[in-house]
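To keep things clear, I will list the structure first and then write my remarks on it.
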Amino acid sequence: MKKIVAIFLIFCSALNVQAAVIDGGIEYRQEFSYPTEEYIANHYIDKNSEENLRLLKGGITKLQDREIGEFSDGTYGIMFYDDPEYSWYYSRNGRLINFTQKSSLEFPMKITKYKPDGTVVNTGIKISKEESYLYNNKGILVAHWKGNFCYDNSNNIIMVRKSVK
């Protein structure tokens with residue numbers, strides 16, 4: 001028995017155990033079709049901006065044809081039910097700031113955010129309705145949405161999604 005314990009101890013001491021810290025990042029490439037310039041141009045101006053802002057002010061976010069959401073920086077977003085692959089984000093004056101394209105309508109999904117000219121702003125992974133991770137063009141984590149709060153790398157709240165329950 002002593003020989004077995006001794007062999008076991010020698011074996012364990014001979015093992016080279018190492019640990020590594022995993023640093024979050026993402027590498028991505030375009031994997032789905034980009035919308036046409038004409039399609040994007042149709043969304044440069046939110047033709048329902050006054051109505052959307054009035055509805056948001058009244059706490060109404062779900063309509064027959066679309067869902068709207070408001071953010072703490074004064075911007076708002078629209079997702080049309082007949083085209084849920086895209087979401088469109090506007091300034092208070094109804095001008096397109098950026099838009100997102102989803103890789104899928106099921107979780108987990110990849111979401112890429114573009115400027116109106118087609119430049120990639122960031123890419124994210126949405127793992128549930130309540131949680132997503134955003135990465136810059138270099139693959140570095142820049143934001144983490146948990147529920148209605150968006151956190152930076154230092155766990156500071158950088159934006160709030162306004163929600164009426």
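Here the structure is a predicted model, which is why all the values come from computation and not from measurement.
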### Query
D65 side chain to D82 main-chain N or O, any donor-acceptor pair under 3.5 Å?
no

### Nearest heavy-atom neighbours spanning F107 and I127
CB-O, 3.5 Å

#### Entry: T100 vs Y86 side-chain heavy atoms within contact, under 4.5 Å
no

### Query
Counting only N and O atoms by type, is there a donor-acceptor contact under 3.5 Å from the side chain of K102 to the main-chain atoms of P84?
yes

### Task
Share the residues that join I97 in a hydrophobic cluster, the rule being Ile, Leu, Val, Met, Phe, Trp or Tyr side chains under 4.5 Å apart at the heavy-atom level.
none

### Task
Look at the aromatic rings of F149 and Y151 and report parallel, tilted or perpendicular, splitting at 30° and 60°.
tilted

### Message
Test question: given the 4.5 Å side-chain rule for I, L, V, M, F, W and Y, name all other residues clustered with L134, or answer none.
### Response
F71, Y89, V142, W145, M159

### Summary
For V121 and N137, the nearest pair of non-hydrogen atoms, with its separation, is O-OD1, 3.7 Å

#### Entry: Heavy-atom side-chain proximity of H43 to F99 below 4.5 angstrom
no

### Message
I want to check something: taking the side chain as every heavy atom from C-beta on, are N42 and Y44 in contact at a cut-off of under 4.5 Å?
### Response
no

### Message
If you compare all heavy atoms of I45 against all heavy atoms of Y90, which two are closest, and at what distance to 0.1 Å?
### Response
C-CE2, 4.0 Å

### Summary
Tightest non-hydrogen contact, residues G94 and S49, listed as CA-CB, 3.8 Å

### N52 side chain vs N48 backbone, donor-acceptor pair below 3.5 Å
yes

## Note on the structure
For residues 40-52, the salt bridge (Lys or Arg N to Asp or Glu O under 4.0 Å) pairs (sequence neighbours left out) are E51-R66

### Query
In Å and rounded to the nearest 0.5 Å, what is the CD1 to CG distance from I78 to L96?
9.5 Å

### Task
Please round to the nearest 0.5 Å and tell me the distance separating atom CG of N156 and atom SG of C150.
11.0 Å

### Task
Have a look at K113 and tell me which of T123, T119, N122 forms a side-chain contact (heavy atoms from CB on, under 4.5 Å) with it.
N122

### Summary
Residues passing the side-chain hydrogen bond (donor to acceptor under 3.5 Å, both in side chains) test with S128, sequence neighbours excluded, are none

### Summary
NE2 (H144) and CG (D152) are apart, to the nearest 0.5 Å, by 12.0 Å

### Message
Is it the case that the side chain of S72 and the backbone of V160 share a donor-acceptor pair, with hydrogens and angles ignored and the cut-off at 3.5 Å?
### Response
yes

### Message
Is any side-chain heavy atom of Y114 closer than 4.5 Å to one of Q101?
### Response
yes

#### Entry: For R92, side-chain hydrogen bond (donor to acceptor under 3.5 Å, both in side chains) partners two or more places apart
E70

### Query
With a cutoff of under 4.5 Å between side-chain heavy atoms, which Ile, Leu, Val, Met, Phe, Trp and Tyr residues group with Y81?
M79

### Query
Is a side-chain donor or acceptor of S103 paired with a backbone partner of K110 at a separation under 3.5 angstrom?
yes

